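The structure displayed is predicted, hence computed values, not measured ones. One is the number of the first residue; the rest follow in order along the sequence. The figures here come from the full heavy-atom set of this structure, side chains too, leaving out hydrogens, waters and symmetry mates.
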Amino acid sequence: MNIIAKTSAAALLAAGALAGTVTGAAAQDVTMRIGWTTSDGEADPYAIAARQIQAELEERAPGVFDVEFFPNNQLGDEKQMIEALQFGTLDLGIITNAPVGNVEPAFQILDMPFLFPDEEAAHEALDGELGDELMSRLEGSGIVGLGFAEGGFRNMINNARPIQQPDDVEGVKFRVMQNPVFIDMFQSLGGNAVPMAWGETFTAAQQGTIDGLEIPLAVIASNKYADVVEYLSLTQHTYSALDILASERFLSGLSDEQRTTVTEAVDAAIETQRQTVQENADAVLAQLEEAGMTINEIEDPEAFREKVKPVYDSFRDDIGSDLVDMALGQSGSE
């Protein structure tokens with residue numbers, strides 16, 4: 001999905017003309033700083049996306065892009081990285097969707113509980129009209145959306161008990177992202193939602209400050225949560241889109257050809273990253289079980305869907321009624 005071509009080409013070309021295109025010797029050494037908050041592990045979906053972007057850039061423009069990686073909260077939490085993208089001190093960020101909702105509330109639609117029944121439905125919506133509409137709304141923010149990589153479905157892990165039905169969530173202290181949709185989701189299920197930055201979460205789980213959290217399988221494994229959390233419940237309550245975001249200042253300093261190379265590289269990287277994450281899922285689940293986690297599926301997904309319906313009503317005005325209806329129609333959830 002070439003979002004720049006559809007939504008930001010005119011603005012970027014104008015900015016590029018002012019900044020001057022990158023030519024000659026400088027064109028052979030374009031530094032691209034890519035940041036994300038999770039590990040640099042082989043199975044980590046954020047890291048897979050970053051490495052694949054680097055590989056696709058090198059294939060298309062050998063020696064032009066000098067890619068530097070900043071995983072593991074090296075540049076701060078995701079709120080700080082979004083600000084760095086806006087200021088131009090970070091070039092590319094692989095950002096969990098939820099914090100982007102603080103920049104543009106429409107992005108909250110992707111975090112609504114039980115929106116997508118499977119990965120295929122999510123990809124179709126994100127690569128189509130819904131994804132295009134969301135990325136277009138970032139115009140004027142200093143950030144350009146390039147596409148959506150895959151984090152996988154988010155699941156609940158905790159040390160209190162297996163989550164098999166909605167009542168099992170009641171009273172459990174779950175770390176949630178600092179995002180109102182996730183807070184509302186867990187409150188609607190009767191849980192004790194504890195907003196917390198990612199960098200503080202492992203220690204909080206280890207020390208018992210929280211009972212658990214909710215994250216995709218690969219992130220559980222790559223960040224070694226099996227060492228400190230006992231129960232994994234395959235709730236698949238939210239599809240985790242990883243927003244690939246670029247600094248408008250960075251892109252405007254590139255030549256037209258280089259900008260095209262970046263967008264094409266990201267498109268290709270997303271396709272490969274999604275395949276890799278899905279192929280890894282079964283192996284990751286086996287790894288977590290071997291590491292000692294007690295794993296269960298939920299008994300009645302529809303009971304969970306019914307319980308969280310008020311969340312859609314709460315955020316309809318904030319997200320936009322038309323966008324909510326578009327997403328429900330494209331996801332097959334209506």
Side-chain angles (χ1 to χ4, degrees), residues 96-98 101 108-125 130 150-177 179-195 205 210-217 219-220 225 229-241 278 281-282 284-285 288-289 293-319 321 323-334:
T96 310
N97 181 76
Q108 293 176 128
I109 187 61
L110 300 184
D111 293 319
M112 299 303 283
F114 301 99
L115 175 63
F116 297 115
D118 51 40
E119 290 88 351
E120 184 178 357
H123 298 166
E124 185 174 351
L130 178 63
E150 178 149 301
F153 278 98
R154 304 180 74 90
N155 298 285
M156 299 183 196
I157 62 174
N158 79 96
N159 284 315
R161 53 181 172 265
I163 305 300
Q164 296 175 320
Q165 54 190 359
D167 288 349
D168 293 328
V169 180
E170 191 167 343
V172 180
K173 290 183 292 183
F174 276 98
R175 174 268 178 183
V176 297
M177 288 179 283
N179 175 280
V181 172
F182 281 86
I183 295 170
D184 224 30
M185 182 194 315
F186 278 83
Q187 288 178 341
S188 72
L189 292 168
N192 185 356
V194 183
I210 55 173
D211 296 316
L213 58 152
E214 49 80 51
I215 43 175
L217 294 176
V219 183
I220 298 170
Y225 272 95
V229 181
E230 181 177 358
Y231 300 110
L232 162 59
S233 301
L234 301 176
T235 51
Q236 297 199 140
H237 50 276
T238 302
Y239 174 81
S240 185
Q278 291 185 35
D282 289 343
V284 168
L285 200 58
L288 293 173
E289 189 169 26
M293 296 195 86
T294 301
I295 301 172
N296 71 278
E297 296 185 0
I298 59 175
E299 297 173 351
D300 183 7
E302 191 55 42
F304 284 84
R305 292 189 184 96
E306 187 65 29
K307 194 90 171 182
V308 299
K309 277 185 177 179
V311 180
Y312 282 82
D313 296 333
S314 296
F315 288 90
R316 179 173 281 273
D317 288 343
D318 198 23
I319 294 169
S321 188
L323 197 61
V324 172
D325 291 339
M326 178 195 296
L328 290 171
Q330 292 186 13
S331 70
S333 298
E334 284 188 317

Please set out all donor-acceptor pairs under 3.5 angstrom arising from side-chain atoms of residues 185-194, sequence neighbours excluded.
| from | atom 1 | to | atom 2 | distance (Å) |
| --- | --- | --- | --- | --- |
| Ser188 | OG | Asp184 | O | 3.4 |
| Ser188 | OG | Met185 | O | 2.6 |

Just by distance, with hydrogens left out, do [X] and [Y] show a side-chain donor and acceptor under 3.5 Å apart?
X	Y	answer
Glu119	Gln278	no
Asp318	Gln108	yes
Asn296	Ser233	yes

Check: [Y] and [X] side chains under 4.5 Å, non-hydrogen atoms:
X	Y	result
Met112	Tyr312	yes
Asp282	Leu285	no
Phe114	Thr238	no
His237	Phe153	no
Val169	Phe174	yes
Ser240	Asn97	no

Measuring from atom [atom1] of [X] to atom [atom2] of [Y], what distance do you get when rounded to the nearest 0.5 angstrom?
X	Y	atom1	atom2	answer
Met326	Ser321	CE	OG	11.5 Å
Lys307	Asp300	NZ	CG	12.5 Å
Leu232	Tyr225	CG	OH	14.0 Å
Leu130	Glu124	CG	CD	11.0 Å
Leu213	Phe182	CG	CZ	11.5 Å
Ile220	Arg154	CD1	CZ	9.5 Å

Q: Answer yes or no: is there a donor N or O on one side and an acceptor on the other, between the side chain of Asp211 and the main chain of Val172, under 3.5 Å?
A: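 Pair absent, no side-chain N/O of Asp211 close to backbone of Val172.
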
Minimum heavy-atom separation for [X] and [Y], please, with both atom names.
X	Y	result
Ala98	Asn179	O-ND2, 2.7 Å
Asn155	Thr235	OD1-N, 3.2 Å
Ala241	Leu110	CB-CD1, 4.3 Å

With a cut-off of 3.5 Å and sequence neighbours excluded, list every side-chain donor-acceptor pair involving residues 156-164.
| from | atom 1 | to | atom 2 | distance (Å) |
| --- | --- | --- | --- | --- |
| Asn158 | OD1 | Ala160 | N | 2.6 |
| Asn158 | OD1 | Arg161 | N | 2.9 |
| Asn158 | ND2 | Arg161 | O | 2.8 |
| Asn159 | OD1 | Glu230 | N | 2.7 |
| Asn159 | ND2 | Val228 | O | 3.0 |
| Arg161 | NE | Asp168 | O | 2.9 |
| Arg161 | NH2 | Asp168 | O | 3.2 |
| Arg161 | NH2 | Glu170 | O | 2.6 |

Q. In terms of side-chain geometry, is the basic nitrogen of Asp325 or Arg316 positioned less than 4.0 Å from the acidic oxygen of its partner?
A. yes

Q.
Run the side-chain contact (heavy atoms from CB on, under 4.5 Å) test on His123 and Tyr239 for me, step by step, so that the C-alpha distance in whole Å, both residues' side-chain angles and the decisive distance to 0.1 Å come before the verdict.
A. CA-CA 10 Å; His123 298 166; Tyr239 174 81; 3.5 Å; yes

Q.
Which residues pass the ring pair (Phe, Tyr, Trp, His ring centres under 6.0 Å) test with Phe304, not counting sequence neighbours?
A. none

